[in-house]
Amino acid sequence: MLSLPLVFTILALIAYTTSFWYLFVNLMSKHQPNHGLIGVMLGLGLFLHAAVLYSDMLTPAGINYDVFNLMSFTSGLMLLLSLLFSTYRPVLALNLLGIPVAATGLVMGFAFSRPTQIIEQRDLGLDLHIILSLSAYAVLLMATIHAVLLWFQNRELKNKQKRRIWVNLLPSVQAMESLLFDLIITGFILLTIALGLGFFTVDNFFAQHLAHKTAFSIISWFIYGALLLGHYKFGWRGQKAIRFTLVGFLLLAIGFIGSKFILEMILGR
């Protein structure tokens, strides 16, 4: 007998697949996709995705922050933001990247998540800190991927290449650049709130070996803040914005992944 989460997973994959092919066929044939139809189909897929994630993460023992659940959460959030941003920016084609990512994250979360990382302490502030931190990482990861795509576009334009793959496939450079700063602003706000909550909700700060992670996160916060200040006050954009975005996320990744690797694999803590 099929379980309800399995049924929801199958239906969500159908919604994602249908949306992907509808969008792909219309864009390849140079037809304008129906934004409302795309929104309904992807909205249904995301709702079912959230239902599966809800059943996996909320357990009687506490919230299950298993790595595969986190992959499912971040991939779904990335698609949701991609869909929302495409409602007012001409970047609907970027959902062709977000849909497969969300579908993969959904399958990984449903198939491989295990109750191994349950936080039994039911503290709303701590839960908000964790969710907002994950959300900030997801949004800034999107910004980093976006910056790389923008770098490819700029390189083709600068070198005056006759065969412009990225320029032809992606929205205009102006639209891509505007979306890049939308993502950075969103991620910066989420990271600001997450850091603020962390100082008030995390107990035994140094005993949990969070100092290095927080230090790198704060440095990254300053880099993103400097980029936003430079953009709106001095007009920073282009290659400078790309470099700041990549360095900012590199520091976040070192703090989030690197410190965990050093503590667990090298120091054995």
Roughly how far, to the nearest 0.5 Å, is [atom2] of [Y] from [atom1] of [X]?
{"X": "S72", "Y": "L106", "atom1": "OG", "atom2": "CG", "answer": "5.5 Å"}
{"X": "L183", "Y": "S178", "atom1": "CG", "atom2": "OG", "answer": "11.0 Å"}
{"X": "W236", "Y": "R243", "atom1": "CH2", "atom2": "CZ", "answer": "10.5 Å"}
{"X": "L77", "Y": "I131", "atom1": "CG", "atom2": "CD1", "answer": "10.0 Å"}
{"X": "I38", "Y": "L83", "atom1": "CD1", "atom2": "CG", "answer": "8.5 Å"}
{"X": "L46", "Y": "I99", "atom1": "CG", "atom2": "CD1", "answer": "9.0 Å"}

Minimum heavy-atom distance [X]-[Y], with the two atoms named:
{"X": "V52", "Y": "P5", "value": "CG2-O, 3.6 Å"}
{"X": "F85", "Y": "D182", "value": "CE2-CB, 3.8 Å"}
{"X": "V91", "Y": "L179", "value": "CG2-CD2, 3.7 Å"}
{"X": "V101", "Y": "S75", "value": "O-CB, 3.4 Å"}
{"X": "T144", "Y": "F249", "value": "OG1-CB, 3.1 Å"}
{"X": "D56", "Y": "G109", "value": "OD2-O, 3.7 Å"}

Would you confirm whether [X], through its side chain, and [Y], through its main-chain N or O, come within 3.5 Å as a donor-acceptor pair?
{"X": "T74", "Y": "L70", "value": "yes"}
{"X": "T192", "Y": "F188", "value": "yes"}
{"X": "Y22", "Y": "P33", "value": "no"}
{"X": "E177", "Y": "L150", "value": "no"}
{"X": "N34", "Y": "L37", "value": "yes"}
{"X": "H35", "Y": "T87", "value": "no"}
{"X": "H129", "Y": "A194", "value": "yes"}

Is there a path of hydrophobic side-chain contacts, each under 4.5 Å between heavy atoms, that joins [X] and [Y]?
{"X": "I14", "Y": "L44", "answer": "yes"}
{"X": "W21", "Y": "V40", "answer": "no"}
{"X": "I184", "Y": "I218", "answer": "yes"}
{"X": "L251", "Y": "L229", "answer": "no"}
{"X": "L42", "Y": "I10", "answer": "yes"}

Name the orientation class of the two ring planes belonging to [X] and [Y] (parallel below 30°, tilted from 30 to 60°, perpendicular beyond 60°).
{"X": "F20", "Y": "F24", "value": "parallel"}
{"X": "Y16", "Y": "H49", "value": "perpendicular"}
{"X": "F181", "Y": "H231", "value": "parallel"}

Problem set entry | Pair L94-H146, side-chain contact (heavy atoms from CB on, under 4.5 Å): steps then yes or no | CA-CA 9 Å; L94 293 178; H146 204 75; 3.4 Å; yes
Do [X] and [Y] have side chains that approach each other closer than 4.5 Å (heavy atoms only, starting at C-beta)?
{"X": "L195", "Y": "S217", "value": "yes"}
{"X": "W151", "Y": "Q239", "value": "yes"}
{"X": "I193", "Y": "L128", "value": "no"}
{"X": "L252", "Y": "Y224", "value": "yes"}
{"X": "F73", "Y": "S135", "value": "yes"}
{"X": "L149", "Y": "L97", "value": "yes"}

Exercise. What's the verdict on side-chain contact (heavy atoms from CB on, under 4.5 Å) for F152 and V148, showing C-alpha distance, side-chain angles and the deciding distance?
Worked result: CA-CA 6 Å; F152 283 129; V148 172; 3.6 Å; yes
Exercise. L4 and S55: side-chain contact (heavy atoms from CB on, under 4.5 Å), yes or no, with the steps?
Worked result: CA-CA 9 Å; L4 198 57; S55 65; over 6 Å; no
Exercise. Is it true that atom CZ of F47 has more than 12 heavy atoms of other residues, nucleotides or ligands lying nearer than 6.0 Å?
Worked result: no
Exercise. Does atom CZ of R89 have more than 12 heavy-atom neighbours, drawn from other residues, nucleotides or ligands, at distances under 6.0 Å?
Worked result: yes
